[in-house]
Student: 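The structure under discussion is supplied below as structure tokens; questions concerning it will follow.
The model shown is predicted, which means the values in this text are computed figures rather than measured ones. Order of the sequence lines sets the chain letters (A, B, ...), proteins ahead of strands, with each chain counted from 1.
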There are 2 protein chains.
Amino acid sequence: MEPVSPEQVADFRRFNRCLTRRIGALDDHYLGQDRPLGEARLLFEIAEREGPDGVSLRELRSRLGLDAGYLSRMTKTLRAQGLVRLSVHTQDSRLRTVRLTRAGRAEVTEQNRRADSLAAGVLGRLDPGGRARLTEAMATTRRLLRLAAITVERVDGHHPDARACLDAYADDLDVRFPEGFDRTDLVGAEEVSGAAGAFFVAYEEGRPVGCGALLRQAAGTGEIRHVWVHADARRLGLARRVLDTLETEALRRGWTVVRLDTHAALTEARAMYRSAGYTEIPAYDDHVYADHWFEKRLSR
Amino acid sequence: MEPVSPEQVADFRRFNRCLTRRIGALDDHYLGQDRPLGEARLLFEIAEREGPDGVSLRELRSRLGLDAGYLSRMTKTLRAQGLVRLSVHTQDSRLRTVRLTRAGRAEVTEQNRRADSLAAGVLGRLDPGGRARLTEAMATTRRLLRLAAITVERVDGHHPDARACLDAYADDLDVRFPEGFDRTDLVGAEEVSGAAGAFFVAYEEGRPVGCGALLRQAAGTGEIRHVWVHADARRLGLARRVLDTLETEALRRGWTVVRLDTHAALTEARAMYRSAGYTEIPAYDDHVYADHWFEKRLSR
DNA sequence: CCGTTCCTTTGACTAGAGTCAAAGAACCAT
DNA sequence: ATGGTTCTTTGACTCTAGTCAAAGGAACGG
């Protein structure tokens, strides 16, 4: 890809320096008041992850990347402060489940209130136009930083991450299609392996957040299927990135045309394909869920 | 001022959370490799502040806000690693001067190279359009966060910060005006005190970075003078903010018209006044440095 | 020249953050 | 049932980061 210009690198680093200097004022965790940072972080994580049955120490440990002993001790002090309750996991009694007590919940709410008012204080020093521009620029920064942190990797069709993506994809379609979606329509693992095709998964911090499949359709022609992005990772431009990856892979295989079909319900997808250079063509198959067919001629 | 909308607060906090999570990858200091964070920070600060005669421990201490003992010990370990040299200050032998050795300089350069390549790595995962949008959004975020962190405060005309600003202002004008600038033209401390007028200084992290004066000109009319912004704080919209503050102060005093004059050399200033709602009027004085005269009718 | 103030060094602490290893209880596959 | 694995707890550490106070040398003001 094109090299990164030194000016952009300099801008990037200026931003980092500026932010790490101000991070004290920005970081929610510094609002942990008299509580040590580690505990404050843990408390927030519990509040965030806690389901109806609380959250297991194991999950917290992997989320926060903490040492088991360290975590055990910290939860002990939180318990001593009356902020959390510990109990044995209902399914697996090796695990402990943590949940917030009423006092713990109140504490978290209070911290959030404080962080909100701090943020409002900063924004309040700008005029309304400035506020709008700042929040807009922050949102753009966040979106693009997230996108830059996501990697798209080729995985085997049998890989659990591939199957997990396809499952989630099927669930999404089942909701969106008025007629529902039948999972037997999904590609088989062999169809996207070896010379037949390829499967790609997008990872954000190790978590699969998107996918896409490429299959051989005819000599020199590939078919793109199952381009999907997790709800949490939408509006980042990730689908476009997956598409780029699939096209690059097609070219690598010497396929100069790619096609795809899509359902009438997926209007944003159609817009995306058009803006990515795809043109609508007549039906090339009689696929149940297909209402629109697209094609793109690849070059270079 | 208008209240801050909850959506904007939420956006702001999402940004903070996202950034503190990624800060490990962004923060230059985390590149200090095997060196403790404190030492790495110190090393960078020395590199940044070091003049031809090095930099005094005293200055480092106040810049970084460190305990004297802590600083002393850290410089000792840096010295033991051969990265800095310590010597007695030439003017005041109570002070110690630190300067980087060749090895220290090499270390800093290497860290910078590493930080650059890390930044380039992140940017490189975006397409050129995304890179441009990201660096642009980062720059906007930085500018507006800086602006929001600046406070504009009324100070007495005799206050050292007021005099320092006027000195810097005079130096700037002396360079920009073809005919030079005579400091006796500056307002006296009494002209901006009490009922006669007011003087405002803009502070960024305790450092004066801008100023503006308001003087009574005639009944119900104020004159704005000496609106100045430090070179480091330009292009943030600070002049506009100072101007707003002066107008608010004028209104508070019941003055419904403010006027100002400006020199032909200051083209950006003229544009700024126009966009702030000032209209050009005929000369209202025969001030030496005045070529253009502006007026604004204040309301509410 | 004398007392006060300023700057640095040193010693003696504390608290937070985190690591490592051992051990016990529970689960799982065979 | 049994051996291996997983999860949590506990004890014993280490390393940073930072505070506080005492002390000594240098500068400064009168």
Student: Can you tell if the side chain of B:Leu238 reaches within under 4.5 Å of the side chain of B:Glu204, non-hydrogen atoms only?
Tutor: no

Student: If I take atom CZ from residue A:Phe200 and atom CG from residue A:Asp161, how far apart are they, to the nearest 0.5 angstrom?
Tutor: 14.5 Å

Student: Measure the spacing between OG1 of A:Thr101 and CD of A:Glu107 and express it to the nearest 0.5 Å.
Tutor: 9.5 Å

Student: Of the nucleotides C:dT19, C:dT10, C:dC7, which has the atom closest to the A:Arg73 side chain?
Tutor: C:dT19

Student: Do the side-chain N or O atoms of A:Lys76 get closer than 4.0 angstrom to the phosphate oxygens (OP1, OP2) of D:dT8?
Tutor: no

Student: Grab the N/O contacts between the protein and nucleotides 13-17 of chain C below 3.5 Å, and write none if there aren't any.
Tutor:
unit_1: C:dA17; atom_1: OP1; unit_2: A:Leu37; atom_2: N; d: 3.2
unit_1: C:dA17; atom_1: OP1; unit_2: A:Gly38; atom_2: N; d: 3.3
unit_1: C:dA17; atom_1: OP2; unit_2: A:Gly38; atom_2: N; d: 3.4

Student: Counting only heavy atoms not in A:Arg58, do more than 12 fall under 6.0 Å of its CZ?
Tutor: no

Student: One character per nucleotide, please: for nucleotides 21-30 of chain C, 5' to 3', B when the base has a protein heavy atom closer than 4.0 Å, S when only the sugar-phosphate does, - otherwise.
Tutor: -----BS---

Student: Between D:dT9, C:dT8, C:dG18, spot the one nearest the side chain of A:Leu66, thanks.
Tutor: C:dG18

Student: Does any non-hydrogen side-chain atom of A:Val201 lie less than 4.5 Å from one of A:Glu153?
Tutor: no

Student: Rounded at 0.5 Å granularity, tell me how far CG in B:Leu126 sits from CD in A:Gln8.
Tutor: 9.5 Å

Student: Please report the distance, rounded to the nearest Å, between CG in B:Leu78 and P in D:dA17.
Tutor: 12 Å

Student: Working note: B:Glu45 + B:Arg41, criterion salt bridge (Lys or Arg N to Asp or Glu O under 4.0 Å); need CA distance, chi angles, decisive distance, verdict.
Tutor: CA-CA 6 Å; B:Glu45 199 67 25; B:Arg41 214 149 46 193; over 6 Å; no

Student: How close or far is atom P of C:dC20 from atom CZ of A:Arg61, stated in whole angstroms?
Tutor: 14 Å

